[in-house]
Amino acid sequence: MTIKEHVMNGVIPEGLRIVDAHAHLGDGEQSGTYTCTLPVEESLRLSRKIGIGAVVASGLGALYGNVPGGNERMMEFTRLYPGYVFASIFYDPHYHDECIAQLEKYKNDPGFVGVKIHPRETQTYISTHDYDRLYEYCIEHDILVACHTWQTEPANPPADFEPVLERYPELKLQLCHMGGTYQGVQDSLRLANRFPRVYLDINGSLYTQIWLEDLVREAPIERFVFGTDQTFNDPRIMVGRVLCSDLDDGVKRLILSESFERAIGRRLIP
């Protein structure tokens, strides 16, 4: 049976490898918009139930102001759930020295996967040069940078990455949400087609009313990676969107795990 046929019969196919490359974990924190988030154990219970075999997350504590402490807590999660939870160290340009020190400390740790930036939350626009020192560090150490993007937010429309990538064409960049809007997705696709180290987080396509089957025709298939944005979003929605699509099973496997693992240069799920 195909992946879709298994799922329509209520079964996750045995051996199907799903990496959630865009997640957030914390201890039940609330954001500034009063979005309630799940405790870590509940998030992971739900992830396992729906077949996710590895979760790559940034810490909610770091996202909401306690940057060094939140990153340390995120690394604690990787030790509490070894081989299942992996960390994207959150980088805030206002804490450059502290964040780089943490990257130096953890860059060879098996629980470390990459860096997460969120220009809106740190009030540091993509269009400035404030992230350049991070980009240079990540290029030197071959580290993937995942960035929150949203086309209608002044701090982080994906189009603003064009001059960045012209300066740093070797930067490995994951466009989280693909810019969120229809225009943001178009801008993200254009970047992926121009720059060979740009990866497209399909979570954002959820908001654009573009069918996944149509979306993946618009850029190299190996650039699309799977993410849920949990705990802000219910991960079942994105898992179902891929598993129940009419995409070929080989394409689904690329999206669900293989493309991201190639991007970071390691397998997260045996």
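Computed over heavy atoms, backbone and side chain alike; hydrogens, waters and symmetry mates excluded. What you see is a predicted model, and the numbers here were worked out from it, not measured in a lab.
Electrostatic pairing of Glu166 and Arg194 counts as a salt bridge here, judged by a charged N lying under 4.0 Å from a carboxylate O.
Between Ile89 and Met74, every side-chain heavy-atom pair lies at or beyond the 4.5 Å cut-off. A heavy-atom distance below 4.5 Å is not found between the side chains of Leu175 and Asp201. When side chains are defined from C-beta on, Val242 counts as touching Leu212, because their heavy atoms get closer than 4.5 Å. Between Val115 and Cys138 the shortest side-chain heavy-atom distance falls below 4.5 Å. Residues Ile12 and Ile50 form no side-chain contact, since every pair of their non-hydrogen atoms from C-beta on lies 4.5 Å or further apart. Residues Tyr137 and Lys107 have side chains in contact (heavy-atom distance under 4.5 Å, counting atoms from C-beta outward). By the 4.5 Å heavy-atom criterion applied to side chains, His141 and Glu104 are counted as neighbours. Using a 4.5 Å cut-off on side-chain heavy atoms (C-beta onward), Ile126 and Cys147 make contact.
Looking at Gln151, its side chain never comes within 3.5 Å of a backbone N or O of Tyr182 through a donor-acceptor pair. Proximity of a side-chain donor or acceptor of Tyr131 to a complementary backbone N or O of Val164 within less than 3.5 Å is not detected. Judged by distance alone, the side chain of Thr124 and the main-chain N or O of Thr122 form a donor-acceptor pair under 3.5 Å. Distance alone, capped at 3.5 Å, is enough to place a donor-acceptor pair between the Asn193 side chain and the Glu218 backbone.
Under the 4.5 Å side-chain heavy-atom criterion for Ile, Leu, Val, Met, Phe, Trp and Tyr, Ile18 and Met1 are members of distinct hydrophobic clusters.
Identified under the salt bridge (charged side-chain N to carboxylate O under 4.0 Å, His left out) test for residues 114-128, with sequence neighbours left out: Arg120-Glu153. Judged as a salt bridge (charged side-chain N to carboxylate O under 4.0 Å, His left out), the pairs with a partner in residues 245-257 (not counting sequence neighbours) are, in order, Lys4-Asp246. For residues 82-102, the set of pairs meeting the salt bridge (charged side-chain N to carboxylate O under 4.0 Å, His left out) definition, not counting sequence neighbours, is empty. Pairs passing the ring pair (Phe, Tyr, Trp, His ring centres under 6.0 Å) check and including a residue from residues 97-125, sequence neighbours excluded, read His118-His148. The salt bridge (charged side-chain N to carboxylate O under 4.0 Å, His left out) contacts involving residues 65-83 comprise Asp27-Arg73, Glu72-Lys105, Arg73-Glu76, where partners must be two or more places apart or lie in separate chains. Among pairs with a residue in residues 6-25, those fulfilling ring pair (Phe, Tyr, Trp, His ring centres under 6.0 Å) read His22-His24, His22-His177, His24-Phe232, at least two apart in sequence or across chains.
Listed by chain and residue number, nothing satisfies the salt bridge (charged side-chain N to carboxylate O under 4.0 Å, His left out) test with Arg133 (two or more places apart in sequence, or in another chain). Evaluation of the salt bridge (charged side-chain N to carboxylate O under 4.0 Å, His left out) rule for Arg17 yields Glu261 as partners, not counting sequence neighbours. Take Arg190 and apply the salt bridge (charged side-chain N to carboxylate O under 4.0 Å, His left out) test, not counting sequence neighbours, and it matches Glu162, Asp187. Every salt bridge (charged side-chain N to carboxylate O under 4.0 Å, His left out) that Arg197 has, sequence neighbours left out, goes to Asp142.
Within the model, atoms CD1 of Ile117 and SG of Cys99 stand 11.5 Å from one another, a figure rounded to the nearest 0.5 Å.
In this structure, Trp211 shares a hydrophobic cluster with no other residue, the cluster being traced through Ile, Leu, Val, Met, Phe, Trp and Tyr side chains under 4.5 angstrom apart. In the hydrophobic clustering, Leu268 connects to Val19, Val56, Phe86, Val113, Leu144, Tyr199, Val225, Phe260, Ile264, Ile269, either directly or through intervening members, whenever side-chain heavy atoms lie under 4.5 Å apart.
Enclosure of atom CZ in Arg236 is not indicated, since only 12 or fewer non-hydrogen atoms of other residues, nucleotides or ligands lie within 6.0 angstrom. Taking a 6.0 Å sphere around CD of Glu42, one finds it holds more than 12 heavy atoms contributed by other residues, nucleotides or ligands. Shown here is Glu170, whose CD atom has no more than 12 heavy atoms of other residues, nucleotides or ligands within 6.0 Å.
Heavy atoms only, all atoms of each residue included: Ser188 and Gly179 are closest at OG-N, 3.8 Å. Smallest separation of non-hydrogen atoms from Pro158 and Leu191: O-CD1, 3.2 Å.
Judged by a 6.0 Å distance limit and a 45° cone about the ring axis, Arg167 is not positioned over the six-membered ring of Tyr135.
With no hydrogens or angles considered, a side-chain donor-acceptor pair links Thr228 and Asp20 at under 3.5 Å.
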